[in-house]
Amino acid sequence: MGTLSTILVVAATNRLSSLDPALLRPGRFDRVLQLQLPDAAARLEILHVHARRTHIANAEQVLPRMADATAGFSGAELANLVNEAAIAAVRGGRDEASPDDEP
């Protein structure tokens with residue numbers, strides 16, 4: 001066995017408290033980074049990224065309202081929200097999603 005200093009191992013969990021303490025000892029997974037959910041400004045940016053692929057009626061007015069109304073949402077949940085609205089619009093025979101299409 002040898003030592004390789006150029007290898008970085010990254011792991012992720014949603015339940016840090018359920019990990020065996022031996023995994024968190026120095027030399028193993030000894031650094032813990034906790035990421036927070038996005039704030040309103042970050043949620044708006046995330047919504048803008050996902051809305052680029054979706055036609056949303058009055059997007060400049062709708063997206064800020066969605067960002068304000070989605071406190072506690074992750075980036076993946078915001079992406080799903082936009083996707084579900086687009087699916088609802090298509091099912092309704094419309095070319096653009098609207099606030100009425102929000103799940």
Side-chain angles (χ1 to χ4, degrees):
M1 289 294 207
T3 301
L4 296 175
S5 62
T6 58
I7 295 178
L8 173 67
V9 178
V10 178
T13 182
N14 289 333
R15 296 178 37 117
L16 182 63
S17 62
S18 67
L19 291 178
D20 185 326
L23 288 173
L24 302 175
R25 289 197 313 243
R28 296 183 181 165
F29 292 108
D30 55 351
R31 302 200 188 218
V32 176
L33 301 174
Q34 293 186 342
L35 303 178
Q36 302 302 317
L37 292 171
D39 62 10
R43 289 192 306 272
L44 180 58
E45 290 300 316
I46 292 167
L47 288 168
H48 276 293
V49 167
H50 294 290
R52 277 190 226 143
R53 301 178 304 205
T54 305
H55 296 285
I56 299 176
N58 301 316
E60 293 308 314
Q61 296 167 354
V62 171
L63 294 181
R65 284 196 333 240
M66 286 175 68
D68 289 339
T70 53
F73 277 47
S74 68
E77 290 169 320
L78 293 167
N80 186 57
L81 183 67
V82 173
N83 189 45
E84 290 295 326
I87 290 169
V90 169
R91 285 184 180 151
R94 294 181 311 281
D95 293 333
E96 292 184 320
S98 72
D100 296 333
D101 295 318
E102 294 177 26

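Excluded from the calculations below are hydrogen atoms, water molecules and symmetry mates; all remaining heavy atoms, backbone and side chain alike, are included.
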Worksheet item: Of the non-hydrogen atoms in L63 and A51, which two are nearest, and what is the gap between them?
Response: CD1-CB, 3.8 Å
Discussion item. If I compare all heavy atoms of H50 with all of V82, which pair ends up nearest, and what's the gap?
Written reply: O-CG1, 3.8 Å
Response to the item:
Separation between CG (N83) and CZ (R53), nearest 0.5 Å, reads 8.0 Å
Worksheet item: Is there a donor-acceptor contact under 3.5 Å from the side chain of E77 to the main chain of S74?
Response: yes
Response to the item:
Minimal heavy-atom distance between A89 and A97, with the atoms involved, is CB-CA, 3.7 Å
Worksheet entry | Connected via hydrophobic side-chain network under 4.5 Å: L35 and L37 | no
Practice prompt. Heavy atoms only: give me the nearest E96-A57 pair and the separation to one decimal.
Written response: OE1-CB, 3.5 Å
Below 3.5 Å, can you tabulate the donor-acceptor pairs from side chains in residues 12-28 to any protein atom, sequence neighbours excluded?
from, atom 1, to, atom 2, distance (Å)
T13, OG1, R15, N, 3.0
S18, OG, R15, O, 2.8
D20, OD1, A22, N, 2.9
R28, NH1, A22, O, 3.2

Worksheet entry | Partner set under side-chain contact (heavy atoms from CB on, under 4.5 Å) for R31, not counting sequence neighbours | none
Discussion item. If I compare all heavy atoms of L47 with all of M66, which pair ends up nearest, and what's the gap?
Written reply: CD1-CB, 3.8 Å
Worksheet entry | Same apolar cluster (I L V M F W Y, side chains within < 4.5 Å links), V32/V9 | yes
Practice prompt. Starting at OG1 of T70, measure out to CG of L81 and round the result to the nearest 0.5 Å.
Written response: 7.0 Å
Worksheet entry | Heavy-atom neighbours of D39 CG exceed 12 at 6.0 Å | yes
Fill in: A40 versus A67, closest heavy-atom pair with distance
O-CB, 3.8 Å
